Number of protein chains: 2
Amino acid sequence: MGAVNIKKLAFELNLSAATVSRALRDSHEISRETKIRVHEMAKKLNYEPNPFASSLRKQKSKTIAVIVPEIANNFFSLAINGIEEVARERDYHVLIYQTHESSEIETSFLMRLLSGRVDGILISLACENVDKEHLKKISSQLPVIFFDRVHDDIEGVKITTDDYESAYNAVQHLIENGCKKIGYLLALNTLSTGKNRLRGYLDALKDNAFPDDKELIMESGASSDENYALIKKLITEQKPDGILSSIEELAMPCYYACKELQLNIPNDLKLISFSNLAHAELLNPSLTTINQPAFEIGVEAAGILFKIFNKRWYEPNETIILKSNLIKRESTRASF
Amino acid sequence: MGAVNIKKLAFELNLSAATVSRALRDSHEISRETKIRVHEMAKKLNYEPNPFASSLRKQKSKTIAVIVPEIANNFFSLAINGIEEVARERDYHVLIYQTHESSEIETSFLMRLLSGRVDGILISLACENVDKEHLKKISSQLPVIFFDRVHDDIEGVKITTDDYESAYNAVQHLIENGCKKIGYLLALNTLSTGKNRLRGYLDALKDNAFPDDKELIMESGASSDENYALIKKLITEQKPDGILSSIEELAMPCYYACKELQLNIPNDLKLISFSNLAHAELLNPSLTTINQPAFEIGVEAAGILFKIFNKRWYEPNETIILKSNLIKRESTRASF
DNA sequence: TATTATTCCGTAAACGTTTACGTAAATAAA
DNA sequence: TTTATTTACGTAAACGTTTACGGAATAATA
């Protein structure tokens with residue numbers, strides 16, 4: 001603990017702690033000369049105000065929390081990057097928590113944050129989400145911004161991407177490139193994010209007069225091993241010639257499955273996925289992706305939170321939708 | 001701010017705040033029945049102790065800071081994942097800061113953390129590191145653990161990987177697979193981490209009686225555009241048949257450069273890189289990597305920090321070295 | 001019974017800030 | 001000159017905990 005506090009500083013300067021405090025915060029009540037003296041001494045003694053005393057008194061933490069399912073994820077790490085940069089500009093601190101998709105862990109974090117430890121929360125919901133009550137309680141006490149993984153039943157400010165359109169366009173792209181039977185790797189289905197992607201897929205099929213075949217939809221399982229098995233099953237049993245994956249984590253196994261099953265992407269099977277893989281271009285074959293503006297989502301979410309702090313935001317229920325980018329690559333190239 | 005505090009709780013229970021506090025912390029001075037009453041009321045009223053009041057009084061923050069160059073990086077996001085998991089087990093909070101390789105930003109974070117905001121720091125140094133004084137000052141006041149990006153001149157507990165051996169073995173592997181002229185993509189050269197990798201490369205060359213050609217070493221530039229140009233220059237001018245990249249960020253451009261220059265990996269050029277890419281297997285061709293145990297490094301670093309907190313660690317200068325994994329893939333396959 | 005120990009709880013101070021309130025001195029206005 | 005205003009600072013309370021100290025009631029011991 002920095003041994004030098006405001007009292008010591010005041011003592012050295014022959015001033016009261018109150019005056020030092022005001023001088024440091026550039027109050028108009030303090031003379032120019034005194035301010036200079038105080039600042040010089042503060043620098044000399046390497047004074048750093050105790051944040052807990054300050055937070056306790058001011059009832060402000062200058063800290064925000066970010067709750068995500070996983071940090072080691074191309075999308076979330078980029079989003080956190082954006083959030084951190086915005087926070088840094090404002091001299092705010094960023095606490096991170098990962099839920100590993102567990103609703104229980106998520107709730108436990110949220111409850112702990114009711115203590116006043118943070119001034120606001122940015123959250124991307126865990127899949128296994130059922131518990132809306134805690135979220136409602138929290139957001140009645142603290143500003144909460146939802147990003148990407150959102151839930152329509154929970155009120156609040158939300159930053160998402162155009163999931164429906166992206167999925168719709170992805171299917172359209174597959175169809176235009178010759179697909180006749182398109183599978184879907186379903187994830188996030190408890191969240192609006194996942195539901196919108198699924199609707200986009202289904203509507204695109206319908207609009208193209210494709211049959212509505214539930215067997216073509218593979219719902220992601222508990223483990224990556226299970227997912228791999230399910231994907232192989234889907235491919236071998238249903239023999240789709242195109243697949244839309246709603247998350248990156250389900251697209252990668254497709255590559256391995258196709259290798260194992262000796263199927264060629266894109267000739268035997270075209271693949272497109274929601275993904276923030278930095279080097280989708282370098283995969284074999286390069287992967288057609290729906291790229292979400294992850295960094296920008298983080299920046300936007302954090303920006304709105306700060307607007308709320310500064311009372312410059314008055315839309316408690318606005319949903320802001322950023323556009324994803326469909327990047328066409330080899331994995332969906334038309335076959336001959 | 002949670003409106004219910006310890007005084008309100010005490011009032012509701014007809015007890016003093018002191019008793020409530022002690023009951024909640026399971027003090028032996030409080031009777032069993034009272035403890036039960038207190039806990040029940042606390043749960044009923046959703047009481048969460050104010051962390052700032054507690055930290056102020058106890059001079060403990062239950063928070064650690066993680067300072068890394070970038071969050072959106074396969075290595076660092078995995079390390080943070082490990083750190084967060086360990087912190088969660090202990091009910092600690094994790095603050096993250098990214099330096100973007102700037103020594104100035106790094107120093108500014110460190111100075112701000114002198115305030116007592118955190119009980120300890122886990123840091124992976126920025127490349128642009130010259131300023132050792134601030135680090136020495138900080139580590140004299142707070143436990144600081146260095147991981148991966150370390151500097152020998154700075155004393156402290158360090159968690160690294162076997163950088164020297166990994167680089168040495170990588171070169172050996174290239175030579176065994178037929179390389180006669182091996183380039184090196186140099187990064188982190190201001191840090192021991194980078195220096196060790198470079199030494200490994202140089203020593204392996206020497207031990208194999210390869211000429212010591214400075215032209216084969218490309219030092220990474222300021223931007224990724226510049227790096228790309230430098231890599232192309234190295235490849236076209238020096239015509240190496242093997243390249244060891246000291247960081248993932250320099251290996252990816254090699255793929256693009258080879259594509260542009262119509263060179264085949266591995267036939268014209270074999271490539272190996274330090275990397276934590278999850279799907280190196282899926283690149284075209286799959287990339288031979290030196291895979292660092294990033295998650296484990298995070299776990300280990302955080303674990304030691306907590307041992308220090310609990311006075312169960314007495315080696316202020318120990319360096320713990322975890323082993324990296326050389327995973328041989330297509331990009332270094334012997335040519336015919 | 002008298003004395004000592006134990007159990008259980010309350011009082012009050014302390015952690016380091018910030019800020020409402022007060023005030024003396026200097027300046028301006030009447 | 002007197003009064004009002006402004007300037008510049010100090011005093012003390014407050015934020016919500018934790019904990020040293022003390023003490024009454026009860027239990028144990030002599």
Side-chain angles (χ1 to χ4, degrees), chain A residues 1-39 41-42 45-63 91 112-119 141, chain B residues 1-39 41-42 45-63 91 112-119 141:
Chain A
M1 197 94 353
V4 42
N5 58 23
I6 205 169
K7 286 177 193 165
K8 191 164 292 177
L9 203 54
F11 176 79
E12 296 291 333
L13 289 158
N14 249 323
L15 288 171
S16 74
T19 300
V20 172
S21 175
R22 279 187 279 243
L24 290 173
R25 329 190 88 252
D26 203 32
S27 158
H28 66 275
E29 294 187 83
I30 304 299
S31 73
R32 167 173 285 283
E33 319 137 64
T34 304
K35 282 181 187 170
I36 295 175
R37 280 182 62 219
V38 170
H39 275 102
M41 185 62 79
L45 299 189
N46 249 300
Y47 169 69
E48 283 286 339
N50 183 301
F52 304 123
S54 177
S55 289
L56 179 59
R57 178 58 225 247
K58 296 205 290 185
Q59 306 286 52
K60 288 234 171 302
S61 65
K62 292 215 97 183
T63 305
D91 272 322
R112 285 210 287 159
L113 291 176
L114 272 181
S115 62
R117 188 180 288 275
V118 297
D119 296 338
Q141 303 202 27
Chain B
M1 195 96 349
V4 42
N5 57 25
I6 205 169
K7 285 177 195 167
K8 189 164 295 177
L9 204 53
F11 175 80
E12 296 291 334
L13 289 158
N14 249 324
L15 289 171
S16 73
T19 301
V20 173
S21 175
R22 279 187 279 241
L24 291 172
R25 329 190 87 254
D26 202 32
S27 158
H28 66 276
E29 294 186 83
I30 304 298
S31 73
R32 166 172 286 284
E33 318 136 64
T34 304
K35 281 182 189 171
I36 295 175
R37 280 184 61 220
V38 170
H39 276 102
M41 185 63 80
L45 298 188
N46 248 299
Y47 169 70
E48 284 287 338
N50 183 302
F52 304 123
S54 176
S55 290
L56 179 59
R57 177 60 224 245
K58 297 206 288 185
Q59 306 284 54
K60 289 234 172 300
S61 64
K62 291 216 99 184
T63 305
D91 272 320
R112 284 210 288 159
L113 291 176
L114 273 180
S115 62
R117 186 180 288 275
V118 297
D119 296 339
Q141 304 203 26

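Remember, it's a predicted structure, so these values are computed and weren't measured experimentally. By convention in this document, chain letters (A, B, ...) are assigned in the order of the sequence lines, proteins followed by strands, and residues within each chain are numbered from 1.
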Subject >> Selected nucleotide, minimal atom distance to A/N5 side chain, candidates D/dG16, C/dT17, C/dG10 >> reply: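 Of all the options, the side chain of A/N5 is nearest to C/dT17.
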**OP:** Identify which nucleotide among C/dC8, D/dC9, D/dC15 has an atom closest to any side-chain atom of B/K7, counting heavy atoms from C-beta outward.
**Re:**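 That would be D/dC15.
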**OP:** Using a 4.0 Å heavy-atom cut-off across all strands, classify A/S16 as base, sugar-phosphate, or nothing.
**Re:** base
Original post:
Roughly how far, to the nearest 0.5 Å, is the CZ atom of B/F52 from the OG atom of A/S54?
Top reply: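 Here the interatomic distance stands at 9.5 Å.
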Original post:
Could you give the distance from CG (B/L24) to CD1 (B/I6), rounded to the nearest 0.5 Å?
Top reply: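 If I round to the nearest 0.5 Å, the distance is 6.0 Å.
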I need the [atom1]-[atom2] distance between [X] and [N], as an integer number of Å.
X     : N      : atom1 : atom2 : result
A/E48 : C/dT17 : CD    : P     : 10 Å
B/E33 : D/dT26 : CD    : C1'   : 14 Å
A/H28 : D/dA8  : NE2   : P     : 10 Å
B/R37 : C/dC9  : CZ    : C1'   : 12 Å
A/I30 : D/dA8  : CD1   : P     : 8 Å

Subject >> B/K8 to B/N5 - nearest heavy-atom pair and separation >> reply: N-OD1, 3.0 Å
**OP:** Check A/H28, A/E29, A/K35 against A/R22 for a side-chain contact (heavy atoms from CB on, under 4.5 Å) and give me the one that passes.
**Re:**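 Only one option passes, and that is A/E29.
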Subject >> Note: A/K60-A/D119 ion pair, threshold 4.0 Å (strictly below) >> reply: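 A/D119 and A/K60: not salt-bridged.
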Subject >> Of A/L56 and B/R32, the one whose closest DNA chain C nucleotide lies more 5' >> reply: B/R32
side-chain N/O [X] vs [N] OP1/OP2, d < 4.0 Å:
X     : N      : answer
A/T34 : D/dC9  : yes
B/Q59 : C/dA14 : no
A/S55 : C/dT17 : no

Subject >> Between the first and last five pairs of the helix from C/dT1-D/dA30 to C/dA30-D/dT1, the angle of the axes, rounded to 10 degrees >> reply: 50°
Please list, pair by pair, any protein nitrogen or oxygen found under 3.5 Å from a nitrogen or oxygen in nucleotides 18-23 of chain D.
residue: D/dT18; atom: OP1; partner: B/R25; partner atom: NE; Å: 3.2
residue: D/dT18; atom: OP2; partner: B/S21; partner atom: OG; Å: 2.5
residue: D/dT18; atom: O2; partner: B/R57; partner atom: NH1; Å: 2.1
residue: D/dT19; atom: O4'; partner: B/R57; partner atom: NH2; Å: 3.2
residue: D/dA20; atom: N6; partner: B/R22; partner atom: NH1; Å: 3.3

